[in-house]
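Just below is one structure, and these are the notes that go with it.
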2 protein chains.
Amino acid sequence: MAILGFLRDFPLHGYDLKNRVASLAGHVRPIADGTLYPTIKKLEDAQCLTRRTAPGSVAAPRHMLEITQIGTDQLRRWLRDPEPGFVTDDNKWYVLLAFLHHLENPREQALVLARRREFLDQPAQLFFDEQGAPIPAERLESPFRKGLMQIHRSTNLTEIDWLDRQIVDLNRRAGFSVRQHDGV
Amino acid sequence: MAILGFLRDFPLHGYDLKNRVASLAGHVRPIADGTLYPTIKKLEDAQCLTRRTAPGSVAAPRHMLEITQIGTDQLRRWLRDPEPGFVTDDNKWYVLLAFLHHLENPREQALVLARRREFLDQPAQLFFDEQGAPIPAERLESPFRKGLMQIHRSTNLTEIDWLDRQIVDLNRRAGFSVRQHDGV
DNA sequence: ACAAGATATATCGACTCCGAGGTAGAAGAC
DNA sequence: GTCTTCTACCTCGGAGTCGATATATCTTGT
């Protein structure tokens with residue numbers, strides 16, 4: 001998804017893609033060659049991108065990659081209806097967020113944000129005692145577990161706050177465009 | 001690591017472990033059976049844990065798992081000198097944090113927190129233009145990317161704040177115990 | 001002229017993990 | 001009685017990823 005998302009911005013070659021993806025995922029951890037190039041080939045076979053050999057500006061010849069209409073459609077499908085992991089896994093969610101603007105329709109964007117919002121609303125219960133009963137943060141003996149829950153709560157609130165403001169904003173914009181479209 | 005960490009608290013059987021690990025990793029996403037049971041067997045072969053068959057309280061017989069001295073040592077080694085991924089990947093870091101109290105020595109605990117602190121200090125540059133120059137958050141056109149960087153910065157500050165307080169606290173405690181030990 | 005090093009693409013084997021499926025025992029439904 | 005459901009454990013195949021390795025090209029230093 002990140003590959004198509006970056007290509008949607010402008011054409012790139014594999015080596016450049018590698019660095020851009022690396023700075024996004026996790027943080028800074030580079031994507032291995034053995035992952036990138038087979039994936040590019042797979043996307044090419046699926047006609048999601050085209051390849052044009054260009055002389056390397058600095059060194060060996062590059063394969064400039066360009067996204068196709070099929071690729072754009074595929075990207076939008078992934079964004080519009082993300083797999084559960086993309087909502088519940090922080091790293092994946094951030095990747096999705098980085099490309100959500102390619103899903104042009106503000107109402108659809110708001111729906112995706114709402115799914116994340118819903119997920120964050122679930123109360124986090126991380127630790128349980130021998131009987132399986134949840135242990136509240138104040139009862140935890142380990143200061144690290146206490147901090148873990150504190151940080152978790154605090155960062156969740158930050159994100160929820162941002163999500164709510166975005167969702168309102170997007171729906172307002174969607175409302176305007178509907179009214180314009182209806183001629184009201 | 002999570003398996004040994006939980007067992008260090010008290011003996012558990014596989015099914016129970018599964019649920020406890022699930023509520024920690026990512027969030028709530030259950031660990032697959034196909035991952036858990038082979039891993040338990042691997043740890044047993046490495047003599048990190050022992051297995052005792054007990055009648056199931058509700059259904060089929062359980063295998064109660066108990067951590068051994070070898071397992072405890074292994075756990076402490078992992079905690080003391082974590083692989084890079086455990087410092088740079090949020091999910092893995094949280095798992096590590098959940099069991100860091102098993103690394104009893106406050107000075108060693110502080111060192112691990114310091115590694116995370118150092119990682120968080122690196123300025124995050126997530127997006128680049130066609131020429132490869134970094135784009136500051138204010139210049140980003142996508143509100144999602146802007147929010148992404150805002151949230152990233154805000155949550156980092158929260159965690160850094162907590163880390164600093166913990167590190168000071170742990171070093172203070174380490175200092176006391178050294179002085180006590182020296183008879184000062 | 002030639003070696004060294006950065007750029008750039010590609011492949012292979014090993015490893016991890018998951019999901020689907022299977023076994024089996026006990027409790028509760030009808 | 002037997003059927004379903006929940007608990008509990010286990011295995012296999014496939015998908016995905018990584019690290020090592022190989023290759024080609026261009027620049028720079030000597």
Side-chain angles (χ1 to χ4, degrees), chain A residues 1-4 6-7 11-22 24-26 28-46 49-66 78 83-86 88-89 91-92 95 128 131-132, chain B residues 1-3 6-7 11-22 24-26 28-46 49-66 78 83-86 88-89 91-92 95 131-132:
Chain A
M1 183 169 100
I3 292 176
L4 290 182
F6 274 120
L7 289 179
L12 287 167
H13 53 100
Y15 194 77
D16 200 354
L17 257 175
K18 193 173 103 177
N19 296 326
R20 288 170 194 265
V21 172
L24 246 192
V28 191
R29 206 163 117 69
I31 299 300
D33 286 357
T35 307
L36 180 65
Y37 289 105
T39 308
I40 290 176
K41 184 163 273 179
K42 233 177 82 182
L43 288 171
E44 194 188 8
D45 290 346
L49 55 82
T50 57
R51 190 191 295 246
R52 217 164 25 84
T53 303
S57 67
V58 195
R62 299 163 162 178
H63 292 184
M64 292 304 285
L65 306 173
E66 234 168 310
W78 280 334
E83 288 168 34
F86 276 91
T88 58
D89 183 296
N91 290 340
K92 289 188 180 182
V95 171
F128 303 86
Q131 278 72 46
Chain B
M1 183 169 100
I3 292 176
F6 274 121
L7 289 180
L12 287 167
H13 55 99
Y15 195 76
D16 199 355
L17 258 175
K18 194 174 105 176
N19 297 326
R20 288 170 194 264
V21 173
L24 245 193
V28 190
R29 205 164 119 68
I31 299 299
D33 284 359
T35 306
L36 179 65
Y37 290 105
T39 307
I40 289 175
K41 183 162 276 180
K42 235 178 79 184
L43 288 171
E44 193 188 9
D45 289 346
L49 55 82
T50 57
R51 189 190 294 246
R52 216 162 27 82
T53 303
S57 68
V58 193
R62 299 163 161 179
H63 292 182
M64 292 304 285
L65 306 173
E66 233 168 310
W78 280 334
E83 287 169 35
F86 277 91
T88 59
D89 182 297
N91 290 340
K92 289 188 181 181
V95 171
Q131 278 72 45

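Each chain gets a letter, A, B and so on, in the order its sequence line appears, and its residues count up from 1. Not measured: the values here are computed from a predicted model. Only this structure's heavy atoms are used, side chains among them; waters, hydrogens and symmetry mates stay out.
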Query - No-hydrogen, no-angle side-chain donor-acceptor test under 3.5 Å, B:N91 and A:N91 - result: no
Report summary line: In whole angstroms, the gap separating C1' of C:dG21 from CG of B:D33 amounts to 11 Å
**Report entry** Phosphate-side-chain proximity, B:R51 and D:dA8, N/O vs OP1/OP2 below 4.0 Å
**Finding:** no
**Report entry** Most 5' of B:A32 and A:G34 on DNA chain C, judged by nearest nucleotide
**Finding:** A:G34
Query - Whole angstrom value for the distance that separates P of D:dT7 from CG of B:L36 - result: 16 Å
Query - Distance in angstrom units between A:K42 NZ and D:dA15 P, rounded - result: 9 Å
Query raised in the report: How close do B:Y15 and B:Y37 get, heavy atom to heavy atom, and via which atoms?
Result: N-OH, 3.9 Å
Requested in this report: Decide side-chain contact (heavy atoms from CB on, under 4.5 Å) for B:L24 and B:F6; before the verdict, give the C-alpha distance in whole Å, the side-chain angles of both, and the deciding distance to 0.1 Å.
Outcome: CA-CA 11 Å; B:L24 245 193; B:F6 274 121; 3.8 Å; yes
Query raised in the report: Could you give the OH-to-C1' distance, from A:Y37 to D:dG16, as a whole number of Å?
Result: 18 Å
Query raised in the report: Got a sec, which pairs hit salt bridge (Lys or Arg N to Asp or Glu O under 4.0 Å) with one end in residues 30-45 of chain A, sequence neighbours left out?
Result: A:K18-A:D33, A:E44-A:R51
Query raised in the report: Does a nitrogen or oxygen in the side chain of B:H13 sit under 4.0 Å from OP1 or OP2 of D:dT7?
Result: no
Query raised in the report: For the pair made of CG in A:N91 and P in D:dT17, what is the distance, rounded to whole Å?
Result: 13 Å
Report summary line: With the side chain defined as heavy atoms from C-beta on, A:P61 is closest, among D:dT17, D:dT25, D:dA8, to D:dT25
Query raised in the report: Of the candidate nucleotides D:dT11, D:dA8, C:dT9, which contains the atom at the shortest distance from the side chain of B:Y15?
Result: D:dA8
Requested in this report: Look at the side-chain N and O atoms of A:T35 and state whether any lies under 4.0 Å from the OP1 or OP2 oxygen of D:dC18.
Outcome: yes
Requested in this report: Provide, to the nearest angstrom, the distance between the CZ atom belonging to B:R62 and the C1' atom belonging to D:dC6.
Outcome: 13 Å
Query raised in the report: For the pair made of NZ in B:K41 and P in C:dT16, what is the distance, rounded to whole Å?
Result: 16 Å
Query - Set of residues satisfying side-chain hydrogen bond (donor to acceptor under 3.5 Å, both in side chains) with respect to A:E83, sequence neighbours excluded - result: none
**Report entry** Euclidean distance, atom CG of residue B:N19 to atom C1' of D:dA8 [Å, nearest integer]
**Finding:** 11 Å
